[in-house]
2 protein chains.
Amino acid sequence: MTGRDYLGEFEHIIVLALLRLEDRAYGVTVRQEIEFRTHREVSIGAVYATLNRLETKGFVKSHCGDPTPERGGRSKRFFRVTAKGVSAVNRTQRALHSMTEGLDLVRSYS
Amino acid sequence: MTGRDYLGEFEHIIVLALLRLEDRAYGVTVRQEIEFRTHREVSIGAVYATLNRLETKGFVKSHCGDPTPERGGRSKRFFRVTAKGVSAVNRTQRALHSMTEGLDLVRSYS
DNA sequence: AAAGATTTATTCTATATTGTATAGATAATG
DNA sequence: CATTATCTATACAATATAGAATAAATCTTT
């Protein structure tokens with residue numbers, strides 16, 4: 001029931017996007033940030049599904065923002081990373097780092 | 001049918017273990033390497049299932065080794081990363097890096 | 001100021017892929 | 001043939017993905 005205590009690949013990317021965006025993080029900007037930095041196409045459904053899952057697990061928290069003075073549009077649901085989420089991302093990064101250090105990734109194998 | 005062109009979280013870890021182990025990489029040593037470096041428990045079934053999937057996708061290749069002089073034991077199936085696998089791990093790492101750079105992960109949020 | 005069009009954003013639904021554990025089969029040796 | 005190390009098969013849980021549908025806000029028109 002509790003799930004894992006580290007992040008899946010996309011969860012990892014999403015949490016990093018949230019940390020980067022600070023108080024400007026909501027579905028649309030998260031998607032943009034990832035597409036901009038990784039050049040990978042991301043469907044908006046994937047973003048929300050993952051954000052919801054992360055919230056269920058207590059790695060992020062959301063709150064609704066007030067309407068903005070811009071032209072139309074539903075009000076935003078902002079997300080931020082919890083302390084638990086920061087631990088999880090740190091664990092995940094440490095694991096990856098310990099597997100990577102000292103490796104020469106430039107080599108090509110056949 | 002083609003699947004993604006980057007690696008899932010555990011796939012990533014597995015490929016890094018293979019690169020690290022070079023010609024000593026087979027199920028059991030892969031598991032050991034991951035447990036040793038990440039302190040995370042890994043079931044042997046998870047390792048083989050992932051290795052098989054990676055091979056199906058062309059990211060790794062396997063071949064059976066000759067019997068060893070040790071007491072008993074089935075012969076080993078060795079794995080190595082293909083050029084395609086190296087590209088995939090590089091892409092995955094680059095994406096993660098571009099999401100991480102400049103971030104201060106020490107901070108804690110509430 | 002109400003109706004409808006427009007914009008921005010989120011939710012829902014369905015499916016595919018990945019991750020995990022367990023049990024048991026296989027192949028080698030003494 | 002018993003013992004040992006390794007691998008395979010299978011089943012299930014968690015994560016990832018896409019796209020259509022819905023919602024909430026503003027603008028435009030009358």
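Below, chain A is the first sequence line, B the second, and so on; all start at residue 1. Just so we're clear, the structure is a prediction, and the values are computed from it rather than from any experiment.
The pair Glu33(A)-Arg40(A) fails the salt-bridge criterion, with no side-chain N (NZ, NE, NH1 or NH2) lying under 4.0 Å from an Asp/Glu carboxylate O. Between Arg91(B) and Asp5(B), at least one side-chain nitrogen of the basic residue sits less than 4.0 Å from a carboxylate oxygen of the acidic one, meeting the salt-bridge criterion.
The side chain of Arg77(A) contributes an N or O atom lying less than 4.0 Å from OP1 or OP2 of dT11(C). Taking side-chain N and O atoms only, Lys57(A) has a distance below 4.0 Å to OP1 or OP2 of dT15(D). Of the side-chain N and O atoms in Tyr6(A), none sit less than 4.0 angstrom from OP1 or OP2 of dA14(D). One finds a side-chain N or O of Arg4(B) lying less than 4.0 angstrom from the OP1 or OP2 phosphate oxygen of dT18(C).
Atom CD1 in Ile13(A) sits roughly 13 Å away from atom C1' in dA16(D) (whole-Å rounding). One interatomic measurement links the two molecules: CD of Glu11(A) to C1' of dT15(D), which rounds to 7 Å at whole-angstrom precision. Here dT6(D) presents its C1' atom at 8 Å from NZ of Lys76(B), a figure rounded to the nearest Å. One atom, CG of Asn52(A), and another, P of dA14(D), lie 17 Å apart when rounded to the nearest Å. Spacing between atom CZ of Arg31(A) and atom C1' of dA16(D) amounts to 15 Å, rounded to whole angstrom units. Between the CD1 atom of Ile14(B) and the C1' atom of dT20(C) there is a distance of 12 Å, rounded to whole Å.
Taking the nucleotide of DNA chain D with the nearest heavy atom to each of Gly45(A) and Gly73(A), the more 5' of the two is matched to Gly45(A). Between Ser75(B) and Ile44(A), the residue anchored nearer the 5' end of DNA chain C, judged by the nucleotide with its closest heavy atom, is Ile44(A). The residue among Ala46(B) and Gly72(A) whose nearest nucleotide of DNA chain D is located toward the 5' end is Ala46(B).
In terms of polar N and O atoms assigned as donor or acceptor, the side chain of Arg53(B) comes within less than 3.5 Å of the base of dG19(C) in a complementary pairing.
With 3.5 Å as the limit, one finds no donor-acceptor pair spanning the side chains of Glu11(A) and Thr50(A). Side-chain contact, Arg77(A) with Ser62(A): a donor N or O sits under 3.5 Å from an acceptor N or O.
With dT6(D), dA23(D), dT20(C) as the choices, the nucleotide that has an atom nearest any side-chain atom of Ser43(B) turns out to be dT20(C).
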